[in-house]
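As structure tokens, the structure follows; a few thoughts come after it.
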Amino acid sequence: MTPTWNCNGCERAMMGIAPSTSLCLDCELRALEDAKVAYRRAFRAGADRSEVLTARGWHAALLHPFDAPGAWPRHPEADHPQKAGVDLAAWRGGRWASVLILGAVGSGKSYFATELAWRWWLDGSEVRFATGAGLVARVFGGDWDELERARNVDLLVLDDFDRGVSARGFDEVVQPVLLHRLGDCRPVVLTTNTPMTRGAAGIPTLFQKSAAIADRLRDGLIVPVGGPSRRGRR
């Protein structure tokens with residue numbers, strides 16, 4: 001008679017001789033992946049934050065220690081009840097692959113994006129930072145490696161993604177990178193002070209700049225950041 005046993009992980013009934021771990025193959029693989037993640041976290045926990053982020057594109061102004069707020073900004077509850085339960089600190093991509101952080105100049109958008117990327121790196125992901133204008137300048141300058149990183153890194157932070165970007169730069173670099181990432185559900189964090197649909201007279205909205213991008217961003221989290229400017233406080 002074939003022996004049976006129950007997996008210590010999922011408690012499914014299994015046939016045959018139980019392995020020493022008493023785990024089925026699926027649970028064994030999950031345990032190995034969890035162990036790798038734990039190892040990466042332990043290894044990265046002692047890393048120098050400034051060195052890590054500088055090597056991944058961050059500039060010095062964003063390397064100050066992060067002052068964690070009492071409550072992280074989140075998607076407006078009235079707009080989408082399910083998204084409202086996910087604040088920036090809890091976001092891990094997946095169903096909502098993008099985060100658009102909206103706010104006035106100096107409101108802290110870039111600091112939130114930086115801290116979020118740092119936490120992703122500590123958890124084992126590879127991250128990359130660029131501004132929209134900076135990415136366009138590097139790609140037009142022939143830096144195809146930077147374009148490849150922007151397209152495929154685990155998490156891309158594109159700060160001020162539409163500011164100071166020419167129409168050609170947006171059409172040939174920024175928009176294709178974002179459409180590629182959003183189409184493949186590759187996590188991306190964007191910051192901007194451009195309104196989605198309602199702007200002051202003469203100021204184009206994101207929908208006017210690119211309906212294709214703005215419409216896809218509505219599938220992710222859209223997080224407004226308010227309050228007075230953080231500049232000049234350090």
Side-chain angles (χ1 to χ4, degrees), residues 53 55-59 61-62 75 79-80 83 88 91 93-114 116-117 120 125-225:
L53 295 179
R56 286 156 179 80
W58 269 263
H59 50 78
L62 294 175
H75 193 98
D79 180 68
H80 195 298
K83 293 180 184 179
L88 279 178
W91 177 73
R95 179 179 177 186
W96 300 304
S98 66
V99 168
L100 176 64
I101 306 177
L102 295 168
V105 172
S107 58
K109 303 181 299 295
S110 303
Y111 288 102
F112 280 115
T114 297
L116 185 57
W120 274 60
S125 296
E126 194 48 70
V127 299
R128 190 72 186 172
F129 175 93
T131 63
L135 178 62
V136 169
R138 294 189 67 167
V139 173
F140 281 177
D143 191 344
W144 305 115
D145 289 339
E146 183 67 10
L147 177 61
E148 186 66 18
R149 285 190 290 266
R151 284 168 53 88
N152 297 313
V153 70
D154 295 335
L155 174 67
L156 173 67
V157 174
L158 201 54
D159 196 32
D160 287 326
F161 81 97
D162 60 324
R163 190 175 73 177
V165 178
S166 65
R168 178 187 169 215
F170 195 88
D171 291 343
E172 295 184 14
V173 179
V174 174
Q175 182 165 261
V177 165
L178 293 181
L179 290 177
H180 169 76
R181 294 193 67 90
L182 295 172
D184 285 355
C185 291
R186 295 177 183 269
V188 59
V189 177
L190 305 173
T191 75
T192 184
N193 58 11
T194 303
M196 282 286 283
T197 57
R198 295 181 182 178
I203 299 178
T205 65
L206 287 183
F207 262 97
Q208 290 171 324
K209 289 187 174 184
S210 174
I213 295 298
D215 192 55
R216 284 167 174 79
L217 292 176
R218 293 171 70 177
D219 286 335
L221 299 182
I222 299 174
V223 181
V225 176

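The structure presented is a predicted model; accordingly, all values stated were derived computationally and were not measured.
- In this structure, Glu146 CD and Leu135 CG are separated by 6.0 Å, a value rounded to the nearest 0.5 Å.
- The OG1 atom of Thr191 lies 6.5 Å from the CD1 atom of Ile101; values are rounded to the nearest 0.5 Å.
- Nearest approach of Gly164 to Ala133, heavy atoms of both residues: O-CB, 3.8 Å.
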Determine whether Leu156 and Val177 satisfy the following criterion, side-chain contact (heavy atoms from CB on, under 4.5 Å), listing intermediate values before the conclusion. CA-CA 10 Å; Leu156 173 67; Val177 165; 4.1 Å; yes

Using the rule given for side-chain contact (heavy atoms from CB on, under 4.5 Å), can you reason through Leu53 versus Phe129, listing the C-alpha separation, both sets of side-chain angles and the distance that settles it, and then say yes or no? CA-CA 8 Å; Leu53 295 179; Phe129 175 93; over 6 Å; no

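- Put simply, the side chain of Trp91 gets close to the backbone of Trp96: a donor and an acceptor are under 3.5 Å apart.
- Between the side chain of Lys109 and the backbone N or O of Ala104 there is at least one donor-acceptor pair closer than 3.5 Å.
- Of the candidates Ile213, Asn193, Thr192, Thr192 is the only one forming a side chain to side chain contact (heavy atoms under 4.5 Å, CB included) with Asp162.
- Note that the CZ atom of Arg149 and the CZ atom of Arg56 stand 11.0 Å from one another [nearest 0.5 Å].
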Under the side-chain contact (heavy atoms from CB on, under 4.5 Å) criterion, do Tyr111 and Leu62 qualify, and how do the steps go? CA-CA 6 Å; Tyr111 288 102; Leu62 294 175; 4.1 Å; yes

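- Between Ser98 and Leu182 the shortest heavy-atom distance is CB-CD2, 3.6 Å.
- Distance check, rounded to the nearest 0.5 Å: CG of Asn152 to CD of Glu126 gives 12.5 Å.
- The CG atom of Leu221 sits 10.0 Å away from the CG atom of Leu100 when rounded to the nearest 0.5 Å.
- In this structure, Leu155 CG and Leu116 CG are separated by 6.5 Å, a value rounded to the nearest 0.5 Å.
- Residues Val189 and Ala113 share a closest heavy-atom pair of CG1-CB, 3.8 Å.
- Applying side chain to side chain contact (heavy atoms under 4.5 Å, CB included) to Ser110 and the options Asp159, Val157, Thr131 leaves one that passes, Asp159.
- Contact detail for Trp120 and Gly93: the closest heavy-atom pair is CZ2-N, 3.6 Å.
- Residues forming a ring-ring contact (aromatic ring centres under 6.0 Å, His included) with Phe161 (at least two apart in sequence, or on another chain): none.
- Nearest heavy-atom pair across Val173 and Pro176 is O-CD, 3.3 Å.
- Remark: the backbone N or O of Arg151 is paired with a side-chain donor or acceptor of Arg181 at under 3.5 angstrom.
- Within the 3.5 Å criterion, the main-chain N or O of Arg163 finds no donor-acceptor partner in the side chain of Asp160.
- Within the 3.5 Å criterion, the main-chain N or O of Gly183 finds no donor-acceptor partner in the side chain of Arg216.
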